[in-house]
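What follows is a set of notes on a single structure, which appears directly below.
Numbers restart at 1 for each chain; the letters A, B, ... are given by sequence-line order, proteins then strands.
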Protein chains: 2
Amino acid sequence: MSPAATFDDVSARAAVLRSAAAVFYARGIAGVGMVDIRDDSGVSLRRLYGLYPSKRDLVAAWLTARHTTWMAWFEGAIERSRAAGEEPLLAAFDAIAEWAASPGYRGCAFVNSAAETTEIDETHRRIVASHKEGMLEYLGALASAGGYARPDRLGRMIGVLLDGAMAEAAVLSSVEPIAAARDAASLLLAASR
Amino acid sequence: MSPAATFDDVSARAAVLRSAAAVFYARGIAGVGMVDIRDDSGVSLRRLYGLYPSKRDLVAAWLTARHTTWMAWFEGAIERSRAAGEEPLLAAFDAIAEWAASPGYRGCAFVNSAAETTEIDETHRRIVASHKEGMLEYLGALASAGGYARPDRLGRMIGVLLDGAMAEAAVLSSVEPIAAARDAASLLLAASR
DNA sequence: CTATAGTGAGAATGACCATTCTCACTATAG
DNA sequence: CTATAGTGAGAATGGTCATTCTCACTATAG
């Protein structure tokens, strides 16, 4: 109950989430044991279970945090491109392409997690679904801001292209599908003028 | 060495693959034990390991078979629509929509499998990649047969839309993304006339 | 100083699973 | 009939976790 304990909890949580972010994405949820989280974060098992009563809870916290950080990265990359005079809805593909070309790329963490039946429950599925809804909503807002016709539909179409691009890039170990998706997006934007 | 034994092996293999097809897709690879395959197929563990020396081998056989059966289903559905006078590249989305609306839909088996890091090795990844390449090739052939401009690029664009549609439909438990993808495809076809 | 609450290290527990092994049985070759 | 190869049933083995528990230690309240 000392104030020091509270502070420790906060930084221990941060360390655990930092480790979770690294290993859950790289190796999948089933591929990571609580011991791995301990080893990577330096937070003992006892403390770990004090902070997150079960692996499920930790996974939920990771997914929730990932939504925030991924969206921040995505929106940040797009905002930077917009500032450089590029079309935001096309810049989205450039951001994904850069990510997919970086080492360790394994596709969308949310889609991958949803595929792990052993590790994922309804709570997790809800987080995954609202992440995708959040992404689509943001794309719709971009379409709207860009003055396109039927911006909501355009946002959804761009979203499907992005998800397909992320998945195919992972499975084929190539950025080519992202280029194809970008080409398609470009045609769709032209058609929505 | 008796001919009867050979026959048994053939039908035992068939029974095992039939079970594998059902349970691996529904519960994921990690979610299925060899015991589950035995219970579902009626082939004893001993025999099972005689036919497939390891779970990895069985998974590889399942993925290989799945490529064949999935493509046959996909091409069949599209051919039927073509006979009914529909545009094949749009019929693809109708086929996926029907599948996604059926109970037990969980997205693309290949993309899901690739996400299961614990269960998948390089051999499996190659099978997954060539499945996607096969699908894209087929779509390119359809685009070519349809007389569209830049058929290869069009096939890839449609492919990205299909993969995005399959993934989002699974994650959002909705066929709406498939409709959006179909709309997008329709615009792309118009732009490729 | 001394009792106490919290902690790290890591051992113990209980499940689960791939794979192998045992044993009793069957059908067939001879 | 009798030795043999193959089989089913399911137990045994070995490994991997998630989660809990033990024990010794530390710092602090009093």
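- Contact check for A/W99 versus A/W70: side-chain heavy atoms found under the 4.5 Å cut-off.
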Q: Can you run through DNA chain C from 5' to 3' and write each base as (, ), [, ], | or . depending on how it pairs? Watson-Crick or G-U wobble, both distances under 3.5 Å.
A: ||||||||||||||||||||||||||||||
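- Remark: C1' of D/dA9 and CZ of B/R46 are 11 Å apart, rounded to the nearest angstrom.
- Geometric assessment of A/R125 against the ring of A/F110 yields a negative cation-pi assignment under the 6.0 Å and 45° thresholds.
- Panel note: side chain A/S41, backbone A/V16; no donor-acceptor pair is recorded below 3.5 Å.
- Put simply, CG on A/D39 is 13 Å from C1' on C/dG8, counting in whole angstrom units.
- Looking at the side chain of A/R47, the nearest of the listed nucleotides C/dG8, C/dA18, D/dG10 is C/dG8.
- For the atom pair A/I96 CD1 and A/L161 CG, the distance stands at 12.0 Å (nearest 0.5 Å).
- Annotation: cation-pi pair B/R47/B/Y52 absent, no NZ/CZ under 6.0 Å from the ring centroid and within 45° of its normal.
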Q: Determine, stepwise, if the pair B/E176 / A/R156 fulfils salt bridge (Lys or Arg N to Asp or Glu O under 4.0 Å).
A: CA-CA 9 Å; B/E176 204 271 355; A/R156 289 173 207 268; 3.2 Å; yes
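- For the residue pair A/Y25 and A/R106, no side-chain donor N or O sits within less than 3.5 Å of a side-chain acceptor on the partner.
- Atoms CD (A/E119) and P (D/dT16) sit 17 Å apart, rounded to a whole Å.
- Put simply, CG on B/L48 is 14 Å from C1' on D/dG10, counting in whole angstrom units.
- Look at CE on B/M34: it is 16 Å from C1' on D/dG8, rounded to the nearest Å.
- Looking only at distances, a side-chain donor or acceptor of A/S81 sits under 3.5 Å from a matching main-chain atom of A/A77.
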(Q) A/E87 vs A/R82, test: salt bridge (Lys or Arg N to Asp or Glu O under 4.0 Å). Steps then yes/no. (A) CA-CA 6 Å; A/E87 165 57 51; A/R82 186 213 297 284; over 6 Å; no
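- What separates CG of B/L45 from C1' of D/dG8 is a distance of 10 Å, to the nearest Å.
- Of the N and O atoms on the side chains of A/D57 and A/S54, at least one donor lies less than 3.5 Å from an acceptor on the other residue.
- Taken to the nearest 0.5 Å, the CD1 atom of A/I29 stands 9.5 Å off from the CZ atom of A/R56.
- Whole-Å rounding puts the B/D36 CG to C/dC16 C1' distance at 11 Å.
- Along DNA chain D, the nucleotide nearest to B/G42 and the one nearest to A/V35 differ in position, and the one closer to the 5' end is contacted by B/G42.
- Non-hydrogen atoms lying under 4.0 Å from DNA chain D are contributed by A/V32, A/G33, all within residues 20-33 of chain A.
- Across the protein-nucleic acid pair, A/R38 atom CZ and D/dT20 atom C1' stand 14 Å apart, rounded to whole Å.
- Contacts of residues 51-66 of chain B with DNA chain C (heavy atom under 4.0 Å): B/S54, B/K55.
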